[in-house]
Asker: 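Below is one structure. I have some questions about it.
Hydrogens, waters and symmetry mates play no part in the numbers below; they use all other heavy atoms, side chains included. Lettering of chains follows the sequences in order, A, B, ..., and the numbering in each one begins at 1.
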Protein chains: 2
Amino acid sequence: MDSIVQILKQNNLSVTDGRRKILSLFLNSNGALAHADIEKNTHSHFDRVTVYRTLQSFVDKGIIHTIPTSDNSIKYALCKDECGEGHHHDHHVHLVCTRCGNTFCLDNVVTPTVKLPREYTIQQVEVVVKGICKSCNNP
Amino acid sequence: MDSIVQILKQNNLSVTDGRRKILSLFLNSNGALAHADIEKNTHSHFDRVTVYRTLQSFVDKGIIHTIPTSDNSIKYALCKDECGEGHHHDHHVHLVCTRCGNTFCLDNVVTPTVKLPREYTIQQVEVVVKGICKSCNNP
DNA sequence: ATAAAAAAAGAAACATTGTTGCAAATATTT
DNA sequence: AAATATTTGCAACAATGTTTCTTTTTTTAT
Ligand SMILES: [Mn+2]
Ligand SMILES: [Mn+2]
Ligand SMILES: [Zn+2]
Ligand SMILES: [Zn+2]
């Protein structure tokens, strides 16, 4: 059975064209994708609303995670850790390349620990590095 | 002379009602502000476009900085370090309170150092912590 | 394989957010 | 006070996101 179908079924998502196509985009991309990238890559084959709902359900199920950015654009990337419904554990650093504009999960770079004064409680630490990516550095 | 006017003049910005009012909002707020907060607090006294342009010019001048978020909303906060035109040096951690929703600059918590593989170049590190803020913890 | 039930997609209408060009108003300089 | 430079508000537009409802598709049960 197709690995894409497998992932969808494992997450109790019914298998539809849209979900198959969008999930395969993530599996075949090494960087993060924005909503607009998906619309472009699917040649607007799917309604915008469908794309929004698909992304939301993937996030809910722990298949993809969002990446914070300073401009107003949510980026999404595959979860590679053990994320599930309501359980996101993506403790890795993200890199936004200032040259090519792409965003990457650095799965091997673990989020550093942050110490806050006692009055605060930490729930999650997000680290986004702006810099130059691998392929822009070694062209 | 008014300290607000002083800041504006120091940055070669002409002194207008909008800039005075918006800058004073930042000076009197302990958390970060989103565009919508400013519109609300000024009772839409200023055109939306003016607010956008004012925020942009404050960022350009190094008076305020943006804070990345996972939802699609830019937050802005006063720069307290030595930022200037084209020189942002806000090396502190930001906290997004999951209870009250406010975003705070933790000026005393320095951004941890991050080590990336040699193939990458680091330009800037942004750390956003989700958790519970001081006042939500000690009500 | 077929019918029934459940879930998702599409369409439309709308709300919010952000951008651009230009004329009128305001601030600064002379 | 007048000339110049800058900013503002308006209008029109583009992009992004949400909600409701009907149609289509997928899944489940027979
Ligand atoms: Mn990631
Ligand atoms: Mn800050
Ligand atoms: Zn790059
Ligand atoms: Zn709080």
Asker: If you check the B:Thr50 side chain, which of C:dG10, D:dT18, D:dG9 turns out closest?
Answerer: D:dG9
Asker: How is A:Arg19 classified with respect to the nucleic acid when contacts are heavy atoms under 4.0 Å: base, sugar-phosphate, or nothing?
Answerer: sugar-phosphate
Asker: Looking only at the side chain of B:Asp17 (C-beta and beyond, no hydrogens), which of the listed nucleotides C:dA27, D:dG17, C:dT19 gets closest?
Answerer: C:dA27
Asker: Heavy atoms from C-beta onward define the side chain here; which of C:dA11, C:dT17, C:dT20 lies closest to that of B:Tyr52?
Answerer: C:dT17
Asker: I want to verify a distance call: between D:dG17, D:dC10, D:dT18, whose nearest atom is closest to the B:Asp47 side chain?
Answerer: D:dC10
Asker: Ring centroid separation for B:His65 and B:His89, is it under 6.0 angstrom?
Answerer: no
Asker: Between D:dT7 atom C1' and B:Gln56 atom CD, what is the distance in whole Å?
Answerer: 15 Å
Asker: Please say whether more than 12 non-hydrogen atoms of neighbouring residues, nucleotides or ligands are located less than 6.0 Å from CG in A:Asn108.
Answerer: no
Asker: Within this structure, what is the CD-to-C1' distance between B:Glu39 and C:dA15, rounded to whole angstrom?
Answerer: 14 Å
Asker: Taking the six-membered ring for Trp and the full ring for Phe, Tyr or His, determine whether the centres of A:Tyr52 and A:His35 are under 6.0 Å apart.
Answerer: yes
Asker: In whole angstroms, how far is the P atom of D:dA5 from the CG atom of B:Asn12?
Answerer: 16 Å
Asker: Could you check how far CD1 of A:Ile74 sits from P of D:dA15, rounded to whole Å?
Answerer: 18 Å
Asker: Let me know the distance between CG of A:Asp71 and P of C:dT17, rounded to the nearest Å.
Answerer: 16 Å
Asker: Assign each of B:Ser14 and A:Arg48 to its nearest nucleotide of DNA chain C by heavy atoms, then name whichever residue's nucleotide is nearer the 5' end.
Answerer: A:Arg48
Asker: What residue among B:Ile74, B:Thr69, B:Asp71 forms side chain to side chain contact (heavy atoms under 4.5 Å, CB included) with A:Asn72?
Answerer: B:Ile74
Asker: Nearest-Å distance, NE2 (B:His45) to P (C:dT26)?
Answerer: 12 Å
Asker: What is the separation between atom CZ on B:Arg53 and atom P on C:dT26, rounded to the nearest whole Å?
Answerer: 15 Å
Asker: Identify the heavy atoms of A:Val110 and A:Val93 that sit nearest to each other, and give their distance.
Answerer: O-CG2, 4.1 Å
Asker: Would one find a side-chain N or O of B:Thr16 under 4.0 angstrom from OP1 or OP2 of D:dT8?
Answerer: yes
Asker: Which is true for B:Val15 with a 4.0 Å heavy-atom rule: it touches a base, it touches only sugar-phosphate, or it touches nothing?
Answerer: sugar-phosphate
Asker: Report the nucleotide, chosen from D:dT8, C:dA9, C:dG18, that has the shortest atom-to-atom distance to any side-chain atom of B:His35.
Answerer: C:dG18
Asker: Using a cut-off of strictly less than 4.0 Å, decide whether A:Asn72 has a side-chain nitrogen or oxygen near OP1 or OP2 of D:dT16.
Answerer: no
Asker: Can you tell me the distance, in whole Å, between the CG atom of A:Leu13 and the P atom of C:dA7?
Answerer: 12 Å
Asker: Could you pick out which residue, A:Thr54 or B:Ser73, lies toward the 5' side of DNA chain C when each is mapped onto its nearest nucleotide?
Answerer: A:Thr54
